[in-house]
Amino acid sequence: MNPKKLQSNKFTAIMLGVALIIFSIYTLSRPQLTLTAMSLVFGVLMLLNGLSHILYFFSIEAPGQGNELSPKGSVTSSKRTCRHYLNFILGIIFSVFGIFLLFRLEFAGKLLIYIVGVWLIVDGLFGISLALKANSGKLRNSVLTLGIIIIVGGILVIVFHNAAGVLLNIIVGLSLLADGLRLLLGAILLPTVSD
């Protein structure tokens, strides 16, 4: 691997690890505000995603509007296809769902809890797979342990989804802290490559 790329990845891992640790501290200190803010962001992202699908649909020529000449002189078609109509329908669905979530933040928070739980499980599995590939015993054991903690955190989030928001945010906060520590340890214990 290119030494500069390896160092850049190491720097990125350290920065992401620090960001996750900071976010975990914020999550642990302001649980209800954190869930509401994440729900709001989730609704906005769904709405923007839907609008981007709709705008893309209208950027494609409707049937009967003509064709374009390619640089080589051949005729190319930029007409709407079945896939474009499907994306348009998905855009409408995403937009309506995003608006619904913005007006129903409590529901968005519950849905977000499941999404976070699944994300933590997948992220923990990814960490375990990295640990199994690691050459260093220290790195392997640390990342493996943190991967297991992240998976347990994800399972707890899903199983106890009806529990108080404070408990869920503590679990998410601790899982984010473990994930940040895993990234930091991985970057710090990663052998330094000289030019």
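More than 12 non-hydrogen atoms from other residues, nucleotides or ligands lie less than 6.0 angstrom from CZ of F100.
Cluster annotation: L55 and V44 are assigned to distinct hydrophobic clusters (Ile/Leu/Val/Met/Phe/Trp/Tyr, side-chain heavy-atom contacts under 4.5 Å, transitive). Follow the hydrophobic side-chain contacts under 4.5 Å out from L177 and you reach L185 in the same cluster. Put simply, L130 and W119 are part of two different groups of oily side chains (I, L, V, M, F, W, Y) that touch within less than 4.5 Å, one to the next. Follow the hydrophobic side-chain contacts under 4.5 Å out from I121 and you never reach F126; the two are in separate clusters. L101 and I93 end up in different hydrophobic clusters when Ile, Leu, Val, Met, Phe, Trp and Tyr side chains are linked at under 4.5 Å.
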List the steps, then state whether side-chain contact (heavy atoms from CB on, under 4.5 Å) holds for L120 with I151. CA-CA 6 Å; L120 290 171; I151 290 172; over 6 Å; no

Could you walk me through whether T145 and R182 satisfy the side-chain contact (heavy atoms from CB on, under 4.5 Å) test, starting with their C-alpha distance in whole Å, then the side-chain angles of each, then the deciding distance to 0.1 Å, before giving a yes or no? CA-CA 9 Å; T145 302; R182 175 182 59 89; over 6 Å; no

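Pairs passing the side chain to side chain donor-acceptor pair (under 3.5 Å) check and including a residue from residues 42-51, sequence neighbours excluded, read N49-H53. Applying the salt bridge (Lys or Arg N to Asp or Glu O under 4.0 Å) rule to pairs touching residues 145-160 yields nothing, sequence neighbours excluded.
In this structure, the side-chain contact (heavy atoms from CB on, under 4.5 Å) partners of I115, at least two apart in sequence or on a different chain, are F42, L111. With sequence neighbours left out, the ring-ring contact (aromatic ring centres under 6.0 Å, His included) criterion links F88 to F57, F58. Contacts of Y26 classified as ring-ring contact (aromatic ring centres under 6.0 Å, His included), with partners at least two apart in sequence or in another chain: none. Checked against side-chain contact (heavy atoms from CB on, under 4.5 Å), L47 has the following partners two or more places apart in sequence or in another chain: L51, S95, I99, L102.
Separating the CG atom in L90 from the CD1 atom in I54 is a distance of 10.5 Å, to the nearest 0.5 Å. In this structure, OG in S175 is found 10.5 Å from CG in L146, a value given to the nearest 0.5 Å. Remark: L28 CG to L174 CG distance equals 5.5 Å, nearest 0.5 Å. To the nearest 0.5 Å, atom OH of residue Y56 and atom CG of residue N87 are 7.5 Å apart.
You'll find the side chain of I14 reaches within 4.5 Å of the side chain of L184, heavy atoms only. Looking only at side-chain heavy atoms (C-beta outward), L176 and I150 stay at 4.5 Å or farther from each other. Between I89 and H84 there is no side-chain heavy-atom pair separated by less than 4.5 Å.
What you find for A131 and L144 is that their closest heavy atoms are CB-N, 3.5 Å.
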